[in-house]
Amino acid sequence: MKRRDFLAAGALSAAALACRRKPEFPFQGELVGPDLSLGHWLRGGAFPDPERFEPVSVLVVGGGVAGLSAAWRLAGAGMDDFRVLELERDPGGTSRSGRNHVSAFPWAAHYLPVPDRGNHAVLRLLDECGVLEGFDAKGDPRFAEEATVRSPEERIFAYGQWWEGLYLRAGASAEDERQYHAFFHEVDRWAAFRDAKGRPAFSIPRSRCSDAPEAVALDGLSFAAWLDARGLSSPRLRWLLDYACRDDYGSRLDTTSAWAGLFYFAARKQGPGEDSRPLLTWPEGNGFLVDHLRRPLGDRLRCGVLAVAIREEKDGVLVTAWDHLNQRRMGWKARRVIFAGPQHVARHVVAGLAEARPAAARIRNAPWMVANLTLRARPKEPTFPLAWDNVLRDSEALGYVAATHQSLKDYGPTVLTWYRPFAGADCDAERARLRAMDWPACARMVMDDLRPAHPDLEGLVARLDVMRWGHAMVRPAPGQMWDPAFLGLARPFGAVHFAHTELSGLALFEEAQDHGVRAAEEVLAASGRRGESWR
């Protein structure tokens, strides 16, 4: 090879190497908690006891919404001698939030449907937060305008442009429209249903729902099979209903109970023939509510502490824990324990539980990815303007919400929170897939998904951070929602009480709160402090 050819080849190799080293994106970011490996450490076997067990009346294990709600109820009854343990550095579970120089933003759960007058616990909480402004002449609650989602609420990207709403009417046939109205006629029928005790078929929280045979029978079918039986095959309608299943359950039409599919729509109706209830939201999503729940706890909340073993003895419940922030063993001896974590963890931690309650092994949880994109400016919007909820029709993701939507500023920097459920039938395989993704792979998935709607987005992103939720939400599988063995998982196991959205089969803030308050009131009753229920 001639010298000049050799030098040219070397120059080309150096250029190729430089190209390979060039960052894939013109912005940075990182994977943030939760720690996907720390929870699996529980499977390592026996854990030695600490040197001493600190006495406490009640120990709440888990600082998500269920655990914080339990602590809220205990404190509301005047109890002070309790502790709350949380595995992560920050409490709140999937209602956690973050904040940067642009805005606060959610890390998952980001809204509440306006509660009806019978949802006492949520109304009490919203009143404490200053969001409930009173009641109208009919007795229905009124809420602060700044917390009610402003217009435009939602839009959908299809056929190369944005359209108002989530049901795509552009190009819909007469048959599409007929089936759409036929489905919502069924929803109205169930929204009007009352059993002999006056209970509705569907309500939030589900503890208020009827167990009448005709309602329970819905759980025997998948949502897809229920639609098939009624000839509801419109692709547009099916897309909307499948989106609802992915949005609230991380599942699909064929892996969702028909009861849960109808719950999504009927439980949010103000009444037959009326619209769904308005939504409440904040820049930080449901982190707004978490901040209120955690604030009065002070040092009674211990973050970075993993409960590794719970066993009941004659004179109390012994809880062994590991403080992974300070690398030390800890222990408590409690009269009562409220386990406010998922059942797949409880089975490893609570002695004897797995053998006594095998139904817990059938619970499946969908993994999710959530990304927060901090933008220097908004993308160009040649058609329908940026809404609070923005959905791409031809996508496995759910779209994004805009954290600054309630600020009334429709220009300048913002934070977009993007959601992607891993909704394949095999939750374990989907979880392994998510776990294997590093930050570049996650960022690539986000940007590839959003690029068709926002070709200019990459140049506007200042930062992209990603949260991977391995067990984000329980799937309401057909045959599970009204299975007596499943419902029995909420019962106390000796002096250990349980609180978690899994126990409802519905991953909603209201369900977590309801179970937290219920478990706390069980503990209060066992302690001789039975009083007026907050539920």
Side-chain angles (χ1 to χ4, degrees), residues 31 34 36-37 39-40 93-94 107-109 156 166 219 221-228 233 235-261 263-264 342-345 359-371 391-400 417-452 466-481 483 486 501-502 504-508:
L31 297 177
L36 297 187
S37 62
H40 293 177
T94 53
W107 270 122
I156 187 169
L166 290 187
D219 189 40
L221 294 172
S222 72
F223 202 12
W226 185 89
L227 294 167
D228 290 342
S233 58
R236 290 168 187 265
L237 174 64
R238 292 245 176 171
W239 180 90
L240 177 67
L241 306 185
D242 186 72
Y243 171 85
C245 293
R246 290 186 292 129
D247 182 36
D248 258 27
Y249 310 137
S251 56
R252 310 302 294 251
L253 289 173
D254 60 344
T255 54
T256 301
S257 162
W259 187 93
F263 175 96
Y264 180 96
Q343 287 289 304
H344 71 268
V345 177
R362 299 199 299 269
I363 296 175
R364 293 292 177 266
N365 292 278
W368 279 57
M369 181 195 301
V370 180
V391 176
L392 282 68
R393 187 172 187 270
D394 298 323
S395 171
E396 289 297 310
L398 299 171
Y400 59 87
T417 307
W418 176 92
Y419 296 87
R420 169 64 150 85
F422 285 68
D426 187 337
C427 287
D428 291 337
E430 293 283 66
R431 198 157 23 254
R433 177 186 171 198
L434 176 63
R435 187 185 176 94
M437 296 178 68
D438 57 10
W439 180 84
C442 294
R444 195 176 306 120
M445 177 178 281
V446 176
M447 298 307 296
D448 287 348
D449 182 68
L450 294 176
R451 193 170 291 113
V466 174
M467 181 87 76
R468 296 173 300 165
W469 296 102
H471 299 266
M473 50 175 41
V474 60
R475 285 187 175 177
Q480 175 177 289
M481 302 301 290
D483 174 25
F486 169 73
T501 59
E502 278 188 353
S504 287
L506 305 163
L508 304 176

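Only heavy atoms go into these numbers, but all of them, side chains included; no hydrogens, no water, no symmetry mates. The chain is numbered in sequence order, starting from 1.
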Can you list, pair by pair, the side-chain donor-acceptor contacts under 3.5 Å of residues 419-429, counting residues two or more places apart and other chains?
| unit_1 | atom_1 | unit_2 | atom_2 | d |
| --- | --- | --- | --- | --- |
| Tyr419 | OH | Ala108 | O | 2.6 |
| Tyr419 | OH | His110 | ND1 | 3.0 |
| Asp426 | OD1 | Asp428 | N | 3.1 |
| Asp426 | OD1 | Ala429 | N | 3.1 |
| Asp428 | OD1 | Arg431 | NH2 | 2.8 |

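Counting only heavy atoms from C-beta outward, the side chains of Phe486 and Ile363 approach each other to under 4.5 Å. The side-chain heavy atoms of Thr256 and Pro476, taken from C-beta on, include a pair separated by under 4.5 Å. You'll find the side chain of Thr417 stays beyond 4.5 Å of the side chain of Trp107, heavy atoms only. In this structure the side chain of Arg246 reaches within 4.5 angstrom of the side chain of Leu398, judged on heavy atoms. Here the side chains of Leu241 and Leu253 are in contact, with some heavy-atom distance below 4.5 Å. At least one side-chain heavy atom of Phe263 sits under 4.5 Å from a side-chain heavy atom of Tyr249. At a threshold of 4.5 Å between non-hydrogen side-chain atoms, the residues Trp418 and Val370 do not count as touching. In this structure the side chain of His471 never reaches within 4.5 angstrom of the side chain of Pro342, judged on heavy atoms.
For Arg451, the side chain to side chain contact (heavy atoms under 4.5 Å, CB included) partners at least two apart in sequence or on another chain are Met447, Asp448, Glu458. For Asp254, there are no side-chain hydrogen bond (donor to acceptor under 3.5 Å, both in side chains) partners, not counting sequence neighbours. Not a single side-chain hydrogen bond (donor to acceptor under 3.5 Å, both in side chains) links Asp394 to another residue, sequence neighbours left out. For Trp368, there are no ring pair (Phe, Tyr, Trp, His ring centres under 6.0 Å) partners, not counting sequence neighbours. The ring pair (Phe, Tyr, Trp, His ring centres under 6.0 Å) search around Tyr400 returns His454, not counting sequence neighbours. Listed by chain and number, the residues in a side-chain hydrogen bond (donor to acceptor under 3.5 Å, both in side chains) with Asp248 are Arg268 (sequence neighbours excluded). Partners of Leu221 under the side chain to side chain contact (heavy atoms under 4.5 Å, CB included) rule, at least two apart in sequence or in another chain, are Ala225, Trp226, Ala258. With sequence neighbours excluded, the residues satisfying side-chain hydrogen bond (donor to acceptor under 3.5 Å, both in side chains) with Ser257 are Asp219. Residues passing the ring pair (Phe, Tyr, Trp, His ring centres under 6.0 Å) test with Trp239, sequence neighbours excluded: Tyr243. Judged as a side chain to side chain contact (heavy atoms under 4.5 Å, CB included), and not counting sequence neighbours, the contacts of Ser233 are Gln179.
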Walk me through whether Leu434 and Met369 qualify under side chain to side chain contact (heavy atoms under 4.5 Å, CB included). CA-CA 8 Å; Leu434 176 63; Met369 181 195 301; 4.0 Å; yes
Would you sort out whether Leu508 and Thr501 count as a side chain to side chain contact (heavy atoms under 4.5 Å, CB included), showing the intermediate values? CA-CA 7 Å; Leu508 304 176; Thr501 59; 5.8 Å; no
Take Arg252 and Glu396 through the test salt bridge (charged side-chain N to carboxylate O under 4.0 Å, His left out) and record every step on the way to the result. CA-CA 11 Å; Arg252 310 302 294 251; Glu396 289 297 310; 3.1 Å; yes
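A side-chain donor-acceptor contact under 3.5 Å links Glu502 to the backbone of Gln343.
Once rounded to the nearest 0.5 Å, the distance linking OG1 of Thr255 with CZ of Arg475 reads 5.0 Å. Atom-to-atom distance recorded for Leu227:CG and Leu237:CG is 6.5 Å, nearest 0.5 angstrom. Going from atom OG of Ser395 over to atom CG of Leu450 covers 8.0 Å, rounded to the nearest 0.5 Å.
Pairing each heavy atom of Ala224 with each of Arg238, the nearest pair is O-NH2, 3.8 Å.
Applying the salt bridge (Lys or Arg N to Asp or Glu O under 4.0 Å) definition to pairs two or more places apart or across chains, those involving residues 361-370 are Arg362-Asp483.
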